[in-house]
Protein chains: 2
Amino acid sequence: MSVGHTGVTTEPVVSCGDEHEDCGIREVLDRIGDKWSVLVVVELAQGVRRFRQLQRAVPGISQRMLTLTVRRLERDGLVTRTVHPMVPPQVEYELTAMGHSLTYLVKALTDWSAEHRDAIAQARQEWDAAYPDSGIR
Amino acid sequence: MSVGHTGVTTEPVVSCGDEHEDCGIREVLDRIGDKWSVLVVVELAQGVRRFRQLQRAVPGISQRMLTLTVRRLERDGLVTRTVHPMVPPQVEYELTAMGHSLTYLVKALTDWSAEHRDAIAQARQEWDAAYPDSGIR
DNA sequence: CAGTATCCTCCATGATACTG
DNA sequence: CAGTATCATGGAGGATACTG
């Protein structure tokens with residue numbers, strides 16, 4: 001995917017077209033852009049998980065945020081929540097077909113990230129060296 | 001790069017592996033997850049743009065946020081900033097090769113969004129109907 | 001175990017004014 | 001035109017306690 005020099009390469013034609021607003025990117029971004037959704041989806045991509053399993057698998061997430069995150073994913077039709085009436089309670093979360101399709105997008109995300117993290121880190125170092133106290137971070 | 005399958009298909013094997021942290025997703029997410037970066041990148045995907053051009057192309061963005069956004073993109077090596085010394089000042093922003101490669105990811109994002117926005121909207125309606133005052137949004 | 005219910009904090013964003 | 005400098009604020013997220 002070398003975009004190389006001056007020449008125009010094959011553009012992915014990403015544009016908002018005639019939309020006045022912001023395409024529909026915001027909708028997705030508002031979901032995957034938050035702090036935990038993607039990490040929860042990544043874990044659920046491995047299979048069915050219970051609440052505490054999820055919390056242990058996503059270090060640092062609070063009970064409250066995990067609840068909010070899975071609720072929103074459920075509301076969007078990306079995750080199913082299955083309650084098994086027993087003591088102690090058992091609730092299982094699982095990706096829907098749509099939630100599953102999202103993992104392909106997430107993979108694209110991680111791939112791009114892995115591919116460019118070094119270049120980004122270097123660019124940042126150079127920039128920070130050039131403008132030591134710019135306030136930008 | 002068709003992201004949209006239906007049903008269970010071959011898994012993209014998206015996992016954090018043995019990483020304790022959160023892969024490198026957070027780095028990308030922190031950039032594309034913010035309110036404006038993606039929209040600016042989308043506009044710059046069309047070609048070279050000046051500051052005011054960008055601001056007009058991205059409705060709702062404040063001068064301050066546009067400055068911050070392009071600065072951060074520049075710092076990450078995704079955008080170049082070229083100052084032409086003249087009166088009035090002229091500054092041009094352009095995607096780097098890496099910034100360009102990001103547009104493919106953004107396209108995957110918009111594609112997925114376009115493909116599932118209806119399903120998501122419907123899932124939300126149904127959920128909101130089932131749990132009228134849940135507080136979730 | 002799987003959550004609710006509160007309270008609180010900080011930071012991303014916004015609004016406004018000024019400048020080379 | 002292309003910014004900087006301040007000040008203000010809302011809401012995402014965190015901490016803690018309690019419950020069926």
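Lettering of chains follows the sequences in order, A, B, ..., and the numbering in each one begins at 1.
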B:Gln125, CD atom: more than 12 neighbouring heavy atoms under 6.0 Å: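 Result for CD/B:Gln125: open.
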For DNA chain C, produce a single dot-bracket line, 5' to 3'. Pairs: Watson-Crick or G-U wobble, both distances under 3.5 Å. Symbols: ( ) within strand, [ ] crossing, | other strand, . unpaired. ||||||||||||||||||||
Across the strands shown, which category fits B:Arg64 at heavy-atom distances under 4.0 angstrom: base, sugar-phosphate, nothing?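 Counting heavy atoms under 4.0 Å across all strands, the contact made by B:Arg64 includes a base.
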Listed nucleotide nearest any side-chain atom of B:Val91, set C:dT13, D:dG3, C:dA2: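 From the listed options, D:dG3 comes nearest.
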From C:dT4, D:dG14, D:dA2, nucleotide with atom closest to B:Arg52 side chain: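 Given the options C:dT4, D:dG14, D:dA2, the side chain of B:Arg52 is closest to D:dA2.
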Find the distance [X]:[atom1] to [N]:[atom2] and express it as a whole number of Å.
| X | N | atom1 | atom2 | answer |
| --- | --- | --- | --- | --- |
| A:Leu29 | C:dA12 | CG | P | 16 Å |
| B:Gln55 | D:dG3 | CD | P | 11 Å |
| A:Leu68 | D:dA12 | CG | C1' | 10 Å |
| B:Lys35 | C:dA12 | NZ | C1' | 9 Å |
| A:Met65 | D:dT16 | CE | C1' | 16 Å |
| B:Ile32 | C:dA12 | CD1 | C1' | 17 Å |
| A:Leu66 | D:dG13 | CG | P | 13 Å |
| B:Trp36 | C:dA12 | CH2 | P | 16 Å |

Considering all heavy atoms of both residues, which atom of [X] and which atom of [Y] are nearest to each other, and what is their separation?
| X | Y | result |
| --- | --- | --- |
| A:Arg72 | B:Ile136 | CG-CG2, 3.8 Å |
| A:Ile32 | A:Leu102 | CG2-CD1, 4.4 Å |
| A:Leu109 | B:Leu29 | CD2-CD1, 3.1 Å |
| B:Glu43 | B:Leu54 | CG-CD2, 3.7 Å |

5' precedence on DNA chain C between A:Arg50 and B:Ile61 (nearest-nucleotide basis):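 Of the two residues, A:Arg50 wins.
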Joint hydrophobic cluster, A:Tyr93 plus A:Val83, side-chain heavy atoms closer than 4.5 Å: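 Shared cluster, yes.
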Would you say B:Leu44 ends up clustered with B:Val48 if hydrophobic residues are merged whenever their side chains have heavy atoms under 4.5 Å apart, either directly or through other cluster members?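 Result: no, two separate clusters.
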For C:dG3 and A:Tyr93 - does any side-chain N or O of the residue sit under 4.0 Å from the phosphate oxygens OP1/OP2?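 So the side-chain polar atoms of A:Tyr93 do come within 4.0 Å of the phosphate oxygens OP1 or OP2 of C:dG3, strictly under.
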Does a nitrogen or oxygen in the side chain of A:Arg71 sit under 4.0 Å from OP1 or OP2 of C:dT4?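 For C:dT4, OP1/OP2 do have a side-chain N/O of A:Arg71 under 4.0 Å.
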Neighbours of DNA chain C within residues 127-137 of chain B, by heavy-atom distance under 4.0 Å: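 Heavy-atom contacts with DNA chain C come from no residue of residues 127-137 of chain B; none.
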Should A:Gln90 and A:Thr82 count as side-chain neighbours, where that means a heavy-atom distance under 4.5 Å?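 No - every pair of side-chain heavy atoms lies 4.5 Å or more apart.
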DNA chain D: 5'-proximal contact among A:Pro89 and A:Gly60 (nearest heavy atom):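 Mapping each residue to its closest nucleotide by heavy atoms, the 5'-most match is A:Gly60.
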Which residue is it: A:Asp111, A:Thr110, A:Thr103? I am looking for the one with a side chain to side chain donor-acceptor pair (under 3.5 Å) to A:Lys107.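 Of A:Asp111, A:Thr110, A:Thr103, side chain to side chain donor-acceptor pair (under 3.5 Å) with A:Lys107 is met by A:Asp111 alone.
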Are the side chain of A:Gln55 and the backbone of A:Arg52 linked by a donor-acceptor contact shorter than 3.5 Å?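 Side chain of A:Gln55 to backbone of A:Arg52, a donor-acceptor pair under 3.5 Å: no, none is there.
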